[in-house]
Amino acid sequence: MGAEALPIPSEIPAPPPHSPVILGLQPPALVDHVAPVDWSLLDQIPGDQGGSSPVTFQQLEEILSEVNNTSPLTTIAGGSVANTIRGLSAGFGLFCGLIGAYADDEQGRLFVGNMSRNGVNVSGLRLKEGHTAQCVCLVDQLGNRTMRPCLSSAVQVQADEITREDVKGSKWLVLRYGMFDLEVVQAAIRIAKQEHVLVSMDLASFEMVRDFGLPLLQLLESRDIDLCFANEDEARELMSGGKKTDARTAVEFLAQHCKWAVVTLGPNGCIAKHGKETVRVPAIRGAKAIDATGAGDLFASGFLYGLVAGLTLKECCEVGACCGASVIRSIGGEVTPENWKWAHKQMQIKIKGVPIPTSHN
């Protein structure tokens with residue numbers, strides 16, 4: 001598939017001449033179709049509930065057809081890395097960018113428009129012929145989400161298309177572990193290290209860790225990952241193949257390979273380690289969970305902002321907890337302007353003197 005430079009819409013100002021502080025790699029641009037559903041519908045969907053399993057385009061169409069008959073559907077720009085990058089730009093005013101690919105279709109235009117409006121530099125996105133990736137996010141009555149991405153036929157950036165110019169001058173590269181785009185991930189990490197850019201990686205899903213654990217361990221053992229995020233299920237799969245293991249053991253294991261290691265624990269907060277310091281931070285109380293989509297992604301936004309701002313490890317976790325709590329208060333992986341105000345207020349309560357710049361929103 002041929003690539004060409006992304007045309008910046010006339011209403012979007014040209015990006016500043018300096019490089020994004022934080023750059024995200026999301027090989028396929030992606031839109032989420034989010035719908036609240038009951039458990040009876042989830043029982044009809046192939047794969048484990050609560051996780052993320054890829055589906056074919058035909059399966060995606062069948063799920064969407066079933067959902068449309070019973071539930072309201074919201075379509076938004078999504079993807080784990082895009083959620084994190086948008087959170088950093090919209091919530092903290094950091095200059096951030098994305099590397100990836102999109103198609104000239106309804107979903108691609110929606111994705112690029114949303115990222116641009118939120119202040120994200122989209123000049124690293126390549127326009128290609130084909131289809132933009134899509135994902136169905138099914139949210140149960142407790143706010144837990146089951147995800148079914150359709151990526152197999154979607155356009156995406158290729159390993160040989162990423163150059164040193166893409167990452168030069170940035171402080172962080174944010175990416176997500178994925179076996180289906182592992183070659184792209186490896187190429188981006190290699191180039192980031194050549195440019196002395198720090199690398200943050202999310203473990204994606206417990207299915208990805210369970211089914212492709214060996215390449216993941218090899219990636220961690222390379223010590224090229226500076227910061228690793230895992231949720232409790234992913235950490236359990238990584239450590240003991242799904243058997244019960246405690247969070248401290250998991251974070252200790254990750255910290256053997258990464259400078260910063262974080263295991264998020266849902267309503268029980270998180271545990272993080274950097275050097276000899278280990279902290280445990282509770283979740284933010286009072287945030288009713290409407291939809292857990294993006295909770296880990298927005299936690300990463302807050303944690304990364306804390307690192308860039310020079311906060312302590314505990315404060316990074318607290319900012320992350322505030323951001324993660326803000327996104328679960330509404331449907332989808334994008335924080336509303338009202339919920340950003342709520343998150344900033346929580347940060348100021350938790351952390352005296354926390355620097356909160358003007359958000360893009």
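Everything numeric in this text was worked out from a predicted model, so none of it was measured. Heads up: numbering here begins at 1 and tracks the sequence.
- Looking at Thr336 and Asn339, their side chains do bring a donor and an acceptor atom within 3.5 Å of each other.
- The pair Glu318-Lys314 counts as a salt bridge, with a side-chain nitrogen and a carboxylate oxygen less than 4.0 angstrom apart.
- With no hydrogens or angles considered, no side-chain donor-acceptor pair links Glu221 and His257 at under 3.5 Å.
- Ion pairing between Lys128 and Glu161 holds under the 4.0 Å rule for side-chain N and carboxylate O.
- Between His18 and Phe95, the angle of the ring planes goes over 60°, which puts this pair in the perpendicular group of the 30/60° scheme.
- Here the straight-line distance linking atom SG of Cys150 with atom CD1 of Ile63 works out to 9.5 Å at 0.5 Å rounding.
- Within 6.0 Å of CZ in Arg248 there are 12 or fewer heavy atoms belonging to other residues, nucleotides or ligands.
- Side-chain atoms of Asp297 and Ser80 include a donor-acceptor pair closer than 3.5 Å.
- With hydrogens and angles left out, the side-chain atoms of Glu62 and Ser65 include no donor and acceptor closer than 3.5 Å.
- With sequence neighbours excluded, no residue forms a ring pair (Phe, Tyr, Trp, His ring centres under 6.0 Å) with Phe57.
- Using the six-membered ring where Trp is involved, Tyr305 and Phe92 have ring planes that are parallel, under 30° apart on the 30 and 60° scheme.
- Salt bridge status for Lys168 with Glu195: absent, with no side-chain N to carboxylate O gap under 4.0 Å.
- The structure places CG of Leu304 at 4.5 Å from OG of Ser200, a figure rounded to the nearest 0.5 Å.
- Under the 4.5 Å side-chain criterion, counting only non-hydrogen atoms from C-beta, Pro215 is in contact with Leu182.
- A 4.5 Å side-chain heavy-atom check between Asp140 and Trp39 finds at least one atom pair inside the cut-off.
- Not counting sequence neighbours, Arg148 has no partner by the side-chain hydrogen bond (donor to acceptor under 3.5 Å, both in side chains) test.
- In this pair, Phe299 and Phe303 present their aromatic rings parallel. The plane angle is below 30°, not in the 30 to 60° band.
- Side-chain N/O atoms of Arg86 and Asn118 include no donor and acceptor closer than 3.5 Å.
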>> What verdict does the side chain to side chain donor-acceptor pair (under 3.5 Å) test give for His131 and Ser153, after you've listed the backbone C-alpha separation in whole Å, the side-chain angles of each residue and the deciding distance to 0.1 Å?
In response: CA-CA 7 Å; His131 302 285; Ser153 61; 6.0 Å; no

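- Here Gln49 contributes atom CD and Arg145 contributes atom CZ; the two are 12.5 Å apart, rounded to the nearest 0.5 Å.
- Ile284 has its side chain within reach of Trp342: a pair of non-hydrogen atoms, C-beta onward, lies under 4.5 Å apart.
- Here Leu98 contributes atom CG and Gln26 contributes atom CD; the two are 6.5 Å apart, rounded to the nearest 0.5 Å.
- Using a cut-off of 4.0 Å between Lys/Arg side-chain N and Asp/Glu carboxylate O, Lys193 and Asp224 are scored as not salt-bridged.
- The closest side-chain heavy-atom distance from Phe229 to Leu203 is not below 4.5 Å.
- For the residue pair Asn114 and Glu334, a side-chain donor N or O sits within less than 3.5 Å of a side-chain acceptor on the partner.
- Side chain of Asp226 to main chain of Cys258: no donor-acceptor pair is present (N/O by atom type, distance under 3.5 Å, no hydrogens or angles).
- Remark: Leu25 CG to Ile189 CD1 distance equals 9.0 Å, nearest 0.5 Å.
- At most 12 non-hydrogen atoms from other residues, nucleotides or ligands lie less than 6.0 angstrom from CD of Gln58.
- In this structure, the separation between CG on Asn121 and CD1 on Ile22 is 13.5 Å, given to the nearest 0.5 Å.
- At least one side-chain heavy atom of Val335 sits less than 4.5 Å from a side-chain heavy atom of Leu298.
- Val263 is connected to Met208 through a chain of hydrophobic side-chain contacts under 4.5 Å among Ile, Leu, Val, Met, Phe, Trp and Tyr, so both are in one cluster.
- By the 4.5 Å heavy-atom criterion applied to side chains, Glu277 and Lys273 are not counted as neighbours.
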